[in-house]
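Reminder, nothing fancy here: chain letters follow the sequence lines and each chain counts from 1. Only heavy atoms go into these numbers, but all of them, side chains included; no hydrogens, no water, no symmetry mates. This one's a predicted model, so the numbers in the text were calculated from it and none came from an experiment.
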Amino acid sequence: KNEVEQSPQNLTAQEGEFITINCSYSVGISALHWLQQHPGGGIVSLFMLSSGKKKHGRLIATINIQEKHSSLHITASHPRDSAVYICAVGTGNQFYFGTGTSLTVIP
Amino acid sequence: NAGVTQTPKFRVLKTGQSMTLLCAQDMNHEYMYWYRQDPGMGLRLIHYSVGEGTTAKGEVPDGYNVSRLKKQNFLLGLESAAPSQTSVYFCASYRASTDTQYFGPGTRLTVL
């Protein structure tokens, strides 16, 4: 069983395209996180959401608590956005992670 | 601030050998976590700690032990390594005030 499901698994886009990555979860959560993992392996936290919407530069994250769904949008995508994007949910002391969406942005 | 550091970065073991992975954080975080990342699977929690001297099992604890003798350090031990423990191991610490995890750079372990 997977508490967190992401789609798509892989995504290739042309530079400048608008990108959407989706995340659905099946457990009660305190917060949802979007993480970015670069080819070198390092993982950084992009957003923490408990409701509504957050924007950071070209990245926008939304969450619908009732539908247990979140989306990560990237506007005007750039090759440097190429990475694996991971959705994670926090439940008390623990976190559950999706398998990630591998994004490649082609110049 | 160094953030979260992990030692070593790479290691190759033979089946049955033992080793300890060290995670250190300088942010005074109470919570620390050990995860493993395998191809096609999300990060999975091995063990975690909510404070110095306390540890708890996560989703995949079998074959691993941990200790948190000092707040800044979280050690992950493999007593008798098995090929199934070949993975990339990530440590993370957690800041409750911002609900944010900070990840170490990872340790790539191969068990032959």
### Message
If you count heavy atoms of other groups shown closer than 6.0 angstrom to CD of E17(A), is the number above 12?
### Response
yes
### In one Ile/Leu/Val/Met/Phe/Trp/Tyr side-chain cluster, 4.5 Å: I29(A), I21(A)
yes
### Message
Membership question, hydrophobic clusters at under 4.5 Å side-chain separation (ILVMFWY): are I74(A) and F47(A) in the same one?
### Response
yes
### Query
Listed by residue number, which members of residues 93-102 of chain B have a heavy atom under 4.5 Å from any heavy atom of chain A?
Y94(B), T98(B), D99(B), T100(B), Q101(B)
### Query
Between V4(B) and V88(B), is there a shared hydrophobic cluster once you connect ILVMFWY residues whose side-chain heavy atoms come closer than 4.5 Å?
no
#### Entry: Closest approach of Q94(A) to K57(B) (non-hydrogen atoms, all atoms of both residues)
NE2-O, 4.1 Å
#### Entry: Region of L43(B) that comes under 4.5 Å of a non-hydrogen atom in chain A
both
### Task
Compute the ring centroids of Y35(B) and F95(A), then answer whether they are less than 6.0 Å apart.
no
### Query
Who in residues 60-84 of chain B is close to chain A, using a strict under-4.5 Å heavy-atom cut-off?
none
### Message
Would a single hydrophobic cluster contain both M41(B) and L45(B), if residues Ile, Leu, Val, Met, Phe, Trp and Tyr are joined by side-chain heavy-atom contacts under 4.5 Å?
### Response
no
### Task
Kindly work out whether a path of hydrophobic side-chain contacts (I/L/V/M/F/W/Y, heavy atoms less than 4.5 Å apart) joins V84(A) to Y96(A).
no
